[in-house]
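Structure first, then comments.
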There are 2 protein chains.
Amino acid sequence: MDRSTRPVRLADVAKAAGVSHGTASNVFSHPEIVREEVRERVKATAEAMGYAGPDPKGRLLRAGKVNAIGVATNEPLSYFFDDPFARVMMASISQACDATGAGISLVSAANSEHLAWNIQSALVDGFIVFCIEGDSRLVELARERKLPFVALDLDSENQSVAAIGVDNIAGAGLAARHLAEFGHRRFAVLTLPCAEGGFGPITQAQAETSLYAGTRDRLRGYFAELSRFDIDVSKVPIYETVNDQESVWAGLDHFFASSETPTAILAMSDKMALHALDWMRQHDIAVPGDVSVVGFDGVPEGATSKPPLTTVAQPIAEMGRRAVKAILENEGTSSRQLMPVDLVVRASSGPAPTRS
Amino acid sequence: MDRSTRPVRLADVAKAAGVSHGTASNVFSHPEIVREEVRERVKATAEAMGYAGPDPKGRLLRAGKVNAIGVATNEPLSYFFDDPFARVMMASISQACDATGAGISLVSAANSEHLAWNIQSALVDGFIVFCIEGDSRLVELARERKLPFVALDLDSENQSVAAIGVDNIAGAGLAARHLAEFGHRRFAVLTLPCAEGGFGPITQAQAETSLYAGTRDRLRGYFAELSRFDIDVSKVPIYETVNDQESVWAGLDHFFASSETPTAILAMSDKMALHALDWMRQHDIAVPGDVSVVGFDGVPEGATSKPPLTTVAQPIAEMGRRAVKAILENEGTSSRQLMPVDLVVRASSGPAPTRS
DNA sequence: ACCCATCGTTGGATCGATTCAAGAATTTGC
DNA sequence: GCAAATTCTTGAATCGATCCAACGATGGGT
């Protein structure tokens with residue numbers, strides 16, 4: 001109907017109803033202090049004029065609090081709904097938000113120029129930053145907003161930013177020890193990204209220079225433990241993936257093309273491990289009969305996969321809860337929290353096959 | 001460091017740098033029109049004072065556009081990350097948002113009082129409303145904001161609101177016909193919620209008075225088609241669920257406790273159908289040998305379940321894309337769009353067993 | 001009849017930025 | 001050397017609400 005005409009403002013309603021804007025405001029925000037007769041008149045006028053209620057844009061400026069927390073990532077937005085780890089984390093974050101009535105704003109952008117703008121103009125009270133691929137630019141941007149923020153899974157060396165992470169070295173150690181104790185001696189490692197972009201086989205030295213400390217620490221954890229079992233880690237093949245099916249399968253093609261095929265696969269995420277299980281099934285390799293696979297994260301899909309996945313479980317729910325708490329309560333925790341991890345033994349790992 | 005002191009404002013920076021706030025504003029928003037020398041001085045001052053950049057709260061009021069679309073639901077926020085249908089829909093919505101650089105705000109609340117407030121104060125340019133449980137109060141609230149909005153899957157009778165939905169009657173008909181043509185004659189129906197709260201066996205008459213037209217239409221679609229095969233639909237047991245495992249399993253317990261056990265299950269969502277498959281496996285009932293199951297939605301999990309699920313697929317990705325487009329482009333589409341559905345035949349349906 | 005509470009209402013100040021017409025400073029043209 | 005063109009800068013107005021100190025009515029008590 002009344003298109004092209006700009007929306008009705010509270011002041012318009014006030015004028016039409018013959019009261020001051022102060023009183024009109026009270027009708028909506030503190031109805032109990034306005035005399036009933038006036039209240040009804042103003043409400044009726046508002047209704048008649050098609051007033052949409054106090055505009056949050058205006059309210060916001062005065063109130064100062066948005067009542068929403070931002071969750072930011074470098075990945076496309078759909079990462080939050082596609083990636084198993086992100087999904088579980090988001091579910092726990094959203095439960096915590098529900099409990100306090102806070103909303104969630106998803107912030108991201110395909111290209112990094114958009115990213116900057118999106119972070120700078122996000123209407124939120126604080127940020128939870130997903131640093132799965134550890135780009136420090138994202139952290140930098142979020143920090144410049146000078147709002148409370150927490151990084152999840154951040155490079156463990158940047159001690160100055162608030163972060164909630166897990167003990168990657170210890171966790172990786174648990175996985176490696178578990179397999180070594182089963183008698184495995186021929187290992188192969190599927191890593192998370194080390195550098196921008198590509199994937200392919202890399203050397204230990206290359207992995208050590210990884211941009212992402214999470215990747216680096218997990219590798220160190222694996223190798224430290226394997227060394228303890230007198231395994232020559234310099235011979236363990238490492239394949240860098242981008243945490244998707246294509247690169248994982250390429251990695252396995254690579255491992256199993258060599259003459260000394262591995263009997264144990266260490267995967268740095270459950271997502272990779274689950275893709276690996278698919279690959280094994282397609283290639284008629286028995287798990288854990290021929291090859292054992294251990295993941296990392298502890299996503300629920302691992303419990304129902306074929307076979308169920310042995311993995312290093314992060315306390316994802318607890319991490320999400322703490323992140324939200326940190327944003328909502330604090331005004332700038334700068335501490336780092338390292339959460340413990342748990343080895344969850346299921347059916348994807350077993351004794352090493354007797355050498356044939 | 002400088003805690004307890006309120007944040008630096010643009011005006012503070014301007015004063016400190018000895019320029020007007022107008023110029024200071026230009027330094028950040030239109031750097032190219034400010035002389036370089038001045039620009040650098042202001043930037044340096046801002047940096048030194050710990051200015052966090054123009055506060056979006058202020059900018060917003062003037063600009064008018066938030067650049068984010070709100071997605072609202074009655075369910076808890078974690079619904080977006082837990083429910084398979086919602087996940088796929090959100091993934092496609094987020095892709096569309098990514099493409100235009102818009103953000104996503106998730107709006108919800110446990111109790112309905114919070115819901116009202118959250119909708120009223122959400123900082124968004126428009127709403128996409130998930131009406132899975134078709135509560136019209138949610139639609140009402142969203143509409144009162146007088147922002148562009150689109151309902152997904154809304155009751156098909158409320159012609160006045162913009163909505164994107166599927167042809168539930170035709171879709172349900174496809175599922176029913178598929179099973180009837182396989183020779184099935186003993187059917188049972190698992191419905192989505194019909195009323196607030198509970199679950200349990202209901203009559204056709206009760207289902208007809210369902211609060212939710214989606215539920216009603218699917219049932220009508222089933223029954224219309226079954227009648228065409230001379231099946232006495234008044235004898236077909238109907239069990240109302242709340243779309244979770246517990247209620248689905250209770251429904252199956254109920255169906256299979258009777259003397260005339262069904263050979264074909266019509267489930268109004270894939271989620272229910274997948275829970276049904278689990279139940280069958282646990283009770284050693286062969287699918288599709290003893291019982292056939294057909295779902296509704298077409299979520300990806302159906303393709304990899306055991307056995308893969310025959311279902312009525314909605315064009316979820318396309319629906320998400322259109323919803324976003326409607327919000328971002330239009331200033332109030334009030335048309336309804338009915339999308340076509342597709343029967344996807346997989347291995348959970350087969351010929352009716354010969355009567356034993 | 002007067003004073004004091006109480007209750008409602010008013011209008012101005014404020015939140016933090018952007019925008020724009022007008023003016024000042026500088027450069028260019030003739 | 002003066003007018004015109006150009007480039008920056010300024011300060012006021014605006015966006016849409018909330019908050020608060022002050023003020024004007026009422027009603028009750030003595």
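Values in this document were obtained by computation on a predicted structure and should not be read as measured data. To find a chain, count down the sequence lines: A is the first, B the second, and so on, and within it residues start at 1.
- Taking A:Arg145 as the reference, nothing meets the salt bridge (Lys or Arg N to Asp or Glu O under 4.0 Å) condition, with sequence neighbours excluded.
- Salt bridge status for A:Lys15 with A:Asp12: absent, with no side-chain N to carboxylate O gap under 4.0 Å.
- The distance from atom CZ of B:Arg35 to atom P of C:dA24 is 17 Å, rounded to the nearest whole Å.
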Pair A:Leu338-A:Ile164, side chain to side chain contact (heavy atoms under 4.5 Å, CB included): steps then yes or no
CA-CA 6 Å; A:Leu338 258 205; A:Ile164 297 178; over 6 Å; no

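- Residues A:Phe81 and B:Phe80 place their aromatic rings such that the two centres sit no closer than 6.0 Å.
- Protein chain A contacts DNA chain D from D:dC15 to D:dC19, reading 5' to 3' and using non-hydrogen atoms of the protein with a distance under 4.0 Å.
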Letter by letter from the 5' end, nucleotides 14-20 of chain C scores (B base, S sugar-phosphate only, - none; protein heavy atoms under 4.0 Å) BBBBBB-

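- Separation of atoms CG (B:Leu10) and NE2 (B:His21) is listed at 8.5 Å; rounding is to 0.5 Å.
- At C:dT10, one or more side-chain N or O atoms of A:Ser20 fall inside 4.0 Å of OP1 or OP2 (strictly under the cut-off).
- Around atom CD of A:Glu32, more than 12 heavy atoms belonging to other residues, nucleotides or ligands sit under 6.0 Å away.
- The main-chain N or O of B:Glu75 is found under 3.5 Å from a side-chain atom of B:Ser108 such that the two form a donor-acceptor pair.
- Taking the C1' atoms of five terminal pairs at each end of the helix from C:dA1-D:dT30 to C:dC30-D:dG1, the two resulting helix axes are inclined by 50°, rounded to 10°.
- B:Glu318 meets the side chain to side chain contact (heavy atoms under 4.5 Å, CB included) test with B:Pro315, B:Arg321, B:Arg322, B:Met339; sequence neighbours excluded.
- A side-chain N or O of B:Ser105 and one of A:Ser105 form a donor-acceptor pair less than 3.5 Å apart.
- Applying the side chain to side chain donor-acceptor pair (under 3.5 Å) test to residues at least two apart or on different chains, none of the pairs has a partner in residues 41-53 of chain B.
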